[in-house]
Structures are given as structure tokens and as C-alpha cells.
Amino acid sequence: MTEQTQIQTQQSWPFREAERIAARLQAKGKSEALFETGYGPSGLPHIGTFSEVARTSWVRRAFGELTGLPSRLLAFSDDMDGLRKVPDNVPNREMLRAFIGRPLTKVPDPFGTHESFGAHNNARLRAFLDSFGFSYEFASSSDYYSSGRFDDALLHVLARHKEIVDIIRPTLGPERRATYSPILPIHPRSGIVMQVPIERVDVEQGSVTWTDPETGTRYETAVTGGAAKLQWKADWAMRWYALDVDYEMSGKDLIDSVKLSSAIVRALGAEPPVCLTYELFLDDQGQKISKSKGNGLSVEQWLDYAPPESLAQFMYHAPQRAKRLFFDVIPRAADDYINNVAALRDAEDPRANPAWHIHTDGVPQVAGSPIGFGMLLNLASVINADSPEMLWGFIRAYIPSASPETSPLLARLVNYAIAYNRDFVAPAKRYRAPTALEQAALGDLATRLGQPLGDIPGETEAERLQNLVYAVGKEHKFTPLKAWFDCLYQVLLGQNEGPRFGGFIALYGVARTIALIQTALSRRQDAA
RNA sequence: GAGCCUGUAGCUCAGUGGUAGAGCAUUCGACUUUUAAUCGAAUGGCCGUGGGUUCGACCCCCACCGGGCUCACCA
């Protein structure tokens, strides 16, 4: 290892992880690494899905840089798991009820668009991953089981059945302890994934014997070819063993599962993969984010208000520390990213910079923005921007060279800032009702805005409008004159401070400004 | 019961074995026809407590105190 890679190792966690994987491969004599990410049957992709694949991709890329060895990323869907309950957020729930307990790939698609519910969820997962451009290979548990790819491993599990039961049994409650087996036969008639006591294990035949509790019928079921599947922790372990997985990360809620599955893999005679446990995301109250509670922030919500790079930036930083994930963290994440991209240009060690990792395929030539996102949000709020043109008008006044062509990221940020302002800042504004004096002055201003500027001095339209505003304030004898501007901001824009008003009118439009005044005046009448 | 995270400026948080950092907030100043974004500066910290390792600890180790989460059914 070179001196430089040691620096990287210290400074960026993906390289630290890559180093652990490199050590594992060396010990095993492997020349290709397999990364895995897993997806539960409950299904729809969420922010945790993004974080897991993004982080795994970063480690994978670091591994390639570090060792020069090839690797694969397997996105593995547990689509053979039984349907446990009917989800709340799907149509045809009545229909689904009849299929509870069957593997998801044997349940009809309630949306009617795919050949099974499992296939539907898989398609959504892939579309989600593809939308971010992740590089991965998709794997279906049902396919792997039924095609026989797991057969050798399943027979091996059967041969070690007792050891595996002994590992898991102490962790179970008294009820499950009595009847536990890692083998779940699929009922030959109903197709249901059976959780039943296993009466006999026949290693020679590769089968298990069990009794249907409903009918009392005894069945002997092969463990291979998709006639049976494994219970969760044994399933994970078997998959690691069968595919020789080198790396997988998971949330801290799965710490016990990782320990148990690792013990099972060792019982099977192999070494578990390198594992990383990451901390969970919390909402603004410090509660765990869960889809069922609907707290926290969704990927879609984040992407409404900031670019994907900012989400990646948030996910990059310190995976093993608990972080709060709610709207307020978005601007900072965006600015962190912008700063990192800027710092990348003359970084001594670019690999220590999150932006280097975030852009897995290389940092674009035109990355970065001359204006930070926080400042942009502030500006959008101050001028009450409701269109990109308005915001660009103010930006150009200070950075004449700025344009969507030269700074594509800024162009995107402008749109995000408008959305953020519209949804979070604007609704919180409090518009004060005008006093009688202000009412008269505002009415006068509206009238005179409707007439040609004529004798009003000034070289540009913005200056003439500014002078008009100034003149109206003086004529109505506001003292100090600042009170007139306070009135404009508080009554028209719902804030205590604002932009130079002439420039505002010029960009916002004279007609729209008149309408703004009339709205404010009518609000006065409503209140009275 | 087991495990994990966390305690740094008023707030939200970065941080590295070698003189404490950012953003926001506050105060002052510049620009401005007495109004904004902006720009400059200042104020502000026994880095939870007590031990230990070290020439040197916010950082590493131990204990304690405080805050919080997760798992103990299924996956």
C-alpha cells in the first residue's frame, strides 16, 4: 500500500471499509468482491433504500480504486417471503386477503400491472434505483430458490440443521423455542409458507417432514428447488454462504440478526461477510423514522426542494452516527455539497472529499455553483420569488456572468429555492393590514403605477419606479420615511425587510404589483 | 435485560494526538435617496464530570452523570 492510500484510509470511511474487504479477499484468495444490499417484502423504496445503496456503491468504488479488482453489487429482493398482512396503501385489499401467507411472487398484483405483487414491488425498486443511476444487478429470491441456485447451500443447511437450531433457539421466546426450525416448507396445496414444527430431517433425501395443523395431514417436502424456503436469519446466512457475499451493511436494528446470521455462516463452515452497521435516521423529535408512522422525510420530499447530490451528501457524512432527517437539514446539506465540490478543484487528496465519492462516475466539468443554496433561499424569500426569471434578475444584478448555461447547478438550485419558498416560507408570512394613511398611500401608488411614468426621473425603469415609490411616500408625509418602506414590506410582502422596491416592481411586473396592492387593500376591507 | 449513538459558542452541528471551528443569532461597520440579499469585523466555549495513557488529550482507555435510540413477535 502506498503512503497516499494510507492518508485516504484515515480520512474517508469508504476507503476504510474497502480496506477491510481487501483483507477478506486476500485471506480467501478471491479476486472479485461481491457486495449485497437486501430488501424486505413490505416493499416500497424509501430513504433508507437510497442510503444503503448509495453508501454501498461508495464503498464498492473505493474498493476498486484501492485494489484494482472487479466487483459486483447484488440488489437482492426477498420476494419469496410470505405476505404477512395486507398493506394499507394498495388497491384491491379484499382480494389480497385471500393470499396471506403465500410468497409475494405467488400473490396477484393488486395494481394489476405485473404478474405478481412481488414482481410489482421489484419493478418499483428497480425503477427507484435506476432513477439515481446506481449500478447494480437485481436478484430475486424466488428465482434463486426455484432455479436451484441455492440447492447445494440448502442441503448443507439441512446437514447442519441441529447446530443452526441450537444457535437461534436461545434467542427466541418460549413459544417459538419449542417448535422452531429454520426450514419453512411451502404447503403443496395452499402454497402458503408454513411455519410449523419440523418432525424429521432427512439429509439423504434432502427433505423435511411436517404436519398440516389444519388437516392433520403429514407431508414430506424437499428443501430444494423452491419447495421450501428458510426463515429470515437462516436465509440471510445461507445467502451469504451460497453466494459468498463479501460485504453488506445494515441498520443498527439488525445488529442481533447480523450476529446470529454470522454465527450460522460459521456453523456452515464459512466466514461471514464484512458488515457495517449504520445508525438509523431520526425525525426532528429524535424518533426513529418509519414509513408506517409517516414521520421524517421521504426521498420524494427531499428531491422536491434540493438536488440528489445534496441527499447523497447527507448520507455520506458519518453513517455510524445518528442523524436527524427533516426539512431543516436540506439547505445545509446542499451547501455542504456545493462547498465540497468547490474544494475539490484544488484538493490535495480528492478522495477525502465527499463530492469525489458522491460523483461515482467522475465529477462533472461544470459542477458547483457561484451562489450557495442558503443564500439563494434567503434571496427567494426576501423578494418573494415565484418564478425563476425573478430570481435570475436579482442574481444577475450582482453576478452579471451567471447564467443557466454556465452554471447548470445554479439553474437547478433556483428552481428548488422557489419551491422551498413557496411551500415553507411563503405560507408562514404574516401580512399586516394597512392603516388609514397607508391605505391612501398604497391606493395612490397603485393608481400612479397604472399611468405612464412621464415626469418621474431616472435612467432605468427600476430607478424611475424607485423614485415614484419614494415620491408617493413623501407626498403622504410618512415620518420617518422608513415607515413607508416598512409598510410596503409588511403589508405587501408579509415580512419586515425586503428588496429595493423599484427593482422589485421592475422584475415582478407593474401590473402584478398593482394586483398585489389591491389584494392587500381588499384584505383590509375583509378584516373591517 | 442486551446493544448502539450522543454530550463542543445562545441555537443547529463540524472537528484533528500539537494554539478551539462553521452556519444561524447578537452587536458594530461598508454599500444604499433613510429599505433587502450581500460584504467586513466583533462578541461569545473548564469541548458533560472524575481518573488514566502521553512530552502533550476535545480526540485514545476506564468509571460516572445526563440525553436519545434500537432489539428482545416477524422480517
Side-chain angles (χ1 to χ4, degrees), chain A residues 10-11 38-43 78 80-85 101 104 141 170-177 180 184 193 195 229-236 250-261 277-290 317-324 326 328-329 331-333 335-336 339 352 354 371-385 391 393-395 397-399 417 457-458 463 466-467 469-471 473-474 478-490 493 495-504:
Chain A
Q10 288 166 4
Q11 291 187 350
Y39 309 92
S42 61
D78 280 322
M80 197 167 165
D81 288 15
L83 175 68
R84 279 173 41 233
K85 61 173 188 180
L104 286 160
S141 180
T171 70
L172 300 171
E175 288 178 26
R176 279 284 292 179
R177 194 172 302 177
Y180 178 82
L184 309 176
V193 181
Q195 187 173 297
K229 77 178 295 293
L230 297 187
Q231 178 269 346
W232 150 245
K233 286 159 191 161
D235 199 32
W236 208 12
S250 52
K252 81 166 180 183
D253 51 334
L254 293 186
I255 287 177
D256 290 340
S257 298
V258 170
K259 280 184 188 163
L260 276 178
S261 294
T277 297
Y278 55 82
E279 268 283 346
L280 304 177
F281 298 111
L282 311 174
D283 67 10
D284 54 342
Q285 303 298 313
Q287 300 295 303
K288 175 191 175 185
I289 285 185
S290 77
H317 181 256
Q320 286 168 306
R321 291 176 74 155
K323 286 200 291 288
R324 296 186 177 188
F326 57 109
D328 301 28
V329 308
R332 178 173 179 169
D335 276 335
D336 283 350
N339 292 334
I371 302 180
F373 193 52
M375 190 189 297
L376 217 46
L377 289 177
N378 210 346
L379 184 59
S381 162
V382 165
I383 67 174
N384 222 9
L391 209 40
F394 279 90
I395 291 170
Y398 289 84
I399 309 178
E463 284 172 15
Q466 174 73 8
N467 288 333
V469 171
Y470 207 77
K474 275 186 170 167
F478 281 89
T479 46
L481 193 58
K482 184 177 187 303
W484 168 231
F485 288 100
D486 286 343
C487 155
L488 292 174
Y489 301 129
Q490 292 167 4
L493 301 182
Q495 57 205 25
N496 285 324
E497 295 167 330
R500 197 158 294 132
F501 218 74
F504 173 83

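Residue numbering restarts at 1 for every chain, and letters A, B, ... go by the order of the sequence lines.
To the nearest whole angstrom, the two C1' atoms, one in rC13(B) and one in rC71(B), are 28 Å apart. Atom name C1', nucleotides rU70(B) and rG51(B): the rounded distance is 31 Å, in whole Å. With P as the reference atom, rG7(B) and rG48(B) are 8 Å apart, rounded to whole Å. Between the C1' atoms of rC58(B) and rC47(B), the separation comes to 5 Å (whole Å). rU49(B) and rU8(B) are spaced 15 Å apart, taking the C1' atom of each and rounding to whole Å. Taking the C1' atom of each, rG44(B) and rU26(B) are spaced 9 Å apart, rounded to whole Å. Rounded to whole Å, the C1' atom of rU16(B) lies 33 Å from the corresponding atom of rA2(B). Rounded to a whole angstrom, the distance from the C1' atom of rU12(B) to that of rC55(B) is 37 Å.
Not a single donor-acceptor pair under 3.5 Å links the side chain of Asp78(A) to the backbone N or O of Gly40(A). Side-chain atoms of Asn339(A) come within 3.5 Å of backbone N or O of Asp335(A) as a donor-acceptor pair.
One interatomic measurement links the two molecules: CG of Leu280(A) to P of rC69(B), which rounds to 12 Å at whole-angstrom precision. Rounded to a whole Å, the CH2 atom of Trp232(A) is 16 Å from the P atom of rC73(B). Atom CD1 in Ile371(A) sits roughly 10 Å away from atom C1' in rU38(B) (whole-Å rounding). For the pair Phe281(A) CZ and rG68(B) C1', the interatomic distance rounds to 16 Å; values are reported in whole Å. Regarding Gln320(A), its CD atom lies at a distance of 13 Å from the P atom of rG15(B), rounded to whole Å. Rounded to whole Å, atom P of rA2(B) lies 12 Å from atom NZ of Lys259(A). Whole-Å rounding puts the Asp256(A) CG to rC69(B) C1' distance at 14 Å. Look at CZ on Arg324(A): it is 11 Å from P on rA14(B), rounded to the nearest Å.
For rC5(B), its base never sits under 3.5 Å from the side chain of Lys252(A) at any donor and acceptor pair.
Counting heavy atoms from C-beta on, the side chains of Leu260(A) and Thr171(A) come closer than 4.5 Å. The closest side-chain heavy-atom distance from Leu184(A) to Asp235(A) is not below 4.5 Å.
Applying the side chain to side chain contact (heavy atoms under 4.5 Å, CB included) criterion to Gln320(A), with sequence neighbours excluded, gives Leu276(A).
Proximity note for Leu282(A) (side chain, C-beta onward) versus rC69(B), rA75(B), rC5(B): the nearest is rC69(B).
Between Glu279(A) and Arg321(A) no salt bridge is recorded (no basic side-chain N to carboxylate O distance below 4.0 Å).
Leu481(A) comes within 4.0 angstrom of a base, heavy atoms only. Base engagement by Arg500(A) is indicated by at least one non-hydrogen atom pair under 4.0 Å involving a base atom. Using a 4.0 Å heavy-atom distance criterion, Gln495(A) is classed as making no nucleic acid contact. Within the 4.0 angstrom heavy-atom criterion, base atoms lie near Arg332(A). Note on Leu488(A): nothing from the nucleic acid sits closer than 4.0 angstrom, heavy atoms only.
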Each base of RNA chain B marked ( ) or [ ] if paired in-strand (Watson-Crick or G-U under 3.5 Å), | if paired to another strand and . if unpaired gives (((((((..((((....[..)))).(((((.......))))).....(((((..]....))))))))))))....

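Of all the heavy atoms in Ile383(A) and Pro499(A), the pair that sits closest is CG2-CB, 3.8 Å. Contact detail for Pro170(A) and Arg177(A): the closest heavy-atom pair is O-NH2, 3.8 Å.
Checking Leu379(A) against Lys323(A), the closest nucleotide of RNA chain B that is more toward the 5' end is the one next to Lys323(A). Where Phe501(A) and Asp78(A) each meet RNA chain B at their nearest nucleotide, the meeting point lying more 5' is that of Phe501(A).
A close approach under 4.0 Å does not occur between any side-chain nitrogen or oxygen of Arg176(A) and OP1 or OP2 of rC73(B). Applying the 4.0 Å criterion to OP1 and OP2 of rG68(B), one finds that Arg321(A) has every side-chain N and O outside that range.
Note that the CG atom of Leu481(A) and the CG atom of Asp486(A) stand 10.0 Å from one another [nearest 0.5 Å].
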